[in-house]
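Below is one structure, written out as structure tokens; the observations come after it.
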Number of protein chains: 2
Amino acid sequence: MPPEPPPMPADADSPALPVGPAFSPLYQQIKALLVKSLQDGEWKPGEAIPSELELAARFRVSQGTVRKAIDELATENLLVRRQGKGTFVATHAEEKIQYRFLRLTSDDGEATGWERHFLDCRRMRAPAEVSRALGLKAGEPALLLRRTLGREGVPVVLDEIWLPAGPFKGLTAERLAQYAGPMYGLFETEFGVRMIRAEEKIRAVAADAVSAGLLQVAPGYPLLSVERLSRTYGDQAVELRRGLYNTASHYYRNELS
Amino acid sequence: MPPEPPPMPADADSPALPVGPAFSPLYQQIKALLVKSLQDGEWKPGEAIPSELELAARFRVSQGTVRKAIDELATENLLVRRQGKGTFVATHAEEKIQYRFLRLTSDDGEATGWERHFLDCRRMRAPAEVSRALGLKAGEPALLLRRTLGREGVPVVLDEIWLPAGPFKGLTAERLAQYAGPMYGLFETEFGVRMIRAEEKIRAVAADAVSAGLLQVAPGYPLLSVERLSRTYGDQAVELRRGLYNTASHYYRNELS
DNA sequence: TAGTGGTCTAGACCACACA
DNA sequence: GTGTGGTCTAGACCACTAC
């Protein structure tokens, strides 16, 4: 559906409304069309999208307009540009930097990978708070997954992960254990769910008995509580996760500007 | 100093070096010139910089090239664009959103301001760790400032702030107390030090006796420890701060993508 | 050599703010 | 109305990658 060649504001259909004119630049419309193609699976994670000139021809706009749309999608990490090669759909699998969303760094800047250990994966009724966050209907089932991440035999992270049962039908701890690479990579390739962005709420809490046992610390030990709500295209929430981090030899890094 | 009008790569001066050609796009050079003008104080925080056309004429490049340079500085929060009005130097003072770098949010989304209380401001020899972070020479003096931020009479944040004594000569707790607005605003207007970006390292810790007293919690209570290194132009570190946050009814928010 | 993204230009017109 | 930033176009050339 090519938009009108002359860049006109979407014309007001109702003359005396108090709301704004809802003007939308062409490149924003192109951007929305690109997101729709991503959402519809026209291009899959890791694949190249058509070249800028092809897209310009398809949408009947100039290359510069397509470029601006892609630029924004690239800064939002939906796309990745590679000079001389093309523009690619971002992916959590096959990435050099694994665990794109995990902001935990070791005090000594070592780069060894994480030792993963899946505890269990149960299907159950979601608590009201989880249902609300994930937009589930009352009584709709969810999956509760627990796992740890460790370094040199010592557990550092304990994650409790809530997922809507529908899109993740067939997910088991065994399946996760045998998949090499980050969890979000498996979600992409096996369930077609792509994590685009997330919000985290961070607090300091005292370890309860269960968490203390799993993280090998004393009850009451201060832990970082990281509550993450992850979203896919269209800002739809698809994961609620609560991580407990032992920050004795790791820290959560953040950059401000 | 206008760069060469023909956009040529800075020509290789050493033919057989294994290093790259150090090609730098024109708009990056313009960007560097703009940063230099900011650093030299040609335009002060809150002021407007010249229009894009003026800058294009000054640097002998097209408006589009200036635009791209400004775009990047705007996304880095060094400049703020306001359609129809101009482009302005970012400031911590006179901002609608005060405390630009404080990522602490109340559980109920209330927007009441912070109650500030300055405890003391002492000039002293900086510990080695602080000297290293701030790039001070051995024995060079520093200021140690302590303060709390509270809501409804309850302290929530305890900050311990290290500053190089030189640039902040004359800073006292009294002066801070009588200044309305965020501390970084005063740093800008009174000392010409502008905080541009910062890195934070976040951990969970147990309250020690002193902190517990000041934050009105029991010793051992879990607190969020936020260590912030703030930088000014040229990535020079100018502040090392350690905040202890009571996250009983507040959380540190972060967005991932 | 061909194809991709990256840079740069020049000019037109639009949306917004302010006097 | 004038000046500002914002959008859009068309075309040229450069840098990088792969064949």
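Residue B:K68 contributes atom NZ, which lies 18 Å from atom C1' of D:dG5 at whole-angstrom precision. To the nearest angstrom, C1' of C:dG3 lies 15 Å from CZ of A:R81. Rounded to whole Å, atom C1' of D:dT9 lies 16 Å from atom OH of A:Y27. Nucleotide C:dT9 holds its C1' atom 11 Å from the CG atom of B:L26, rounded to whole Å. Residue B:I70 contributes atom CD1, which lies 17 Å from atom C1' of C:dT7 at whole-angstrom precision. Computed from coordinates, the B:F23 CZ to C:dC8 C1' distance equals 10 Å when rounded to whole Å. One can place CZ of B:F88 at 9 Å from P of D:dG5, the figure rounded to the nearest angstrom. Here the P atom of nucleotide C:dT7 and the NZ atom of B:K31 are 11 Å apart, to the nearest Å.
A:R82 has no side-chain polar atom (N or O) that falls below the 4.0 Å cut-off from OP1 or OP2 of C:dG5. Regarding contacts with the backbone of C:dT7, every side-chain N or O of B:T65 stays at 4.0 angstrom or more from both OP1 and OP2. OP1 or OP2 of D:dG3 has not a single side-chain nitrogen or oxygen of B:K85 nearer than 4.0 Å.
A salt bridge does not link A:E227 with A:R242: none of the charged nitrogens is closer than 4.0 Å to a carboxylate oxygen. Between B:E42 and B:K36 no salt bridge is recorded (no basic side-chain N to carboxylate O distance below 4.0 Å). Salt-bridge check for B:E200 with B:R103: failed, with every basic side-chain N at 4.0 Å or more from each acidic carboxylate O. A salt bridge links B:D107 with A:R203; the closest basic N to acidic carboxylate O contact falls under 4.0 Å.
Annotation: B:E47, atom CD; neighbour count of heavy atoms from other residues, nucleotides and ligands within 6.0 Å is above 12. By the neighbour-count criterion of 12 heavy atoms within 6.0 Å, atom NE2 of B:H250 is densely surrounded, having more than that number from other residues, nucleotides or ligands.
Residue A:R67 has its side chain nearest to C:dG6 when only D:dT7, C:dG6, C:dA10 are considered. Among the nucleotides D:dT9, C:dT9, D:dT7, the one closest to any side-chain atom of A:S62 is D:dT9. Side-chain proximity of A:P25 to C:dG5, D:dG5, D:dT7: nearest is D:dT7. The side chain of A:Q83 has C:dG5 as its nearest neighbour among C:dG5, D:dG5, C:dT9.
Taken residue by residue, residues 42-53 of chain A places heavy atoms nearer than 4.0 Å to DNA chain C at A:S51, A:E52.
Taking the ring centre of A:W114 as origin, the terminal cationic atom of A:R151 falls inside the region bounded by 6.0 Å and 45° from the ring axis.
Pair assignment for C:dA19: none, as no Watson-Crick or G-U wobble contacts are both less than 3.5 Å.
Checked against salt bridge (Lys or Arg N to Asp or Glu O under 4.0 Å), A:R253 has no partners two or more places apart in sequence or in another chain.
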Would you tabulate the nitrogen or oxygen pairs shorter than 3.5 Å linking the protein to nucleotides 11-13 of chain D?
none

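Here the rule is side-chain hydrogen bond (donor to acceptor under 3.5 Å, both in side chains) with B:S230, and of B:R194, B:Q236, B:E239 only B:E239 fits it.
A:Y27 and A:D71 share no donor-acceptor pair across their side chains, judged by distance under 3.5 Å alone.
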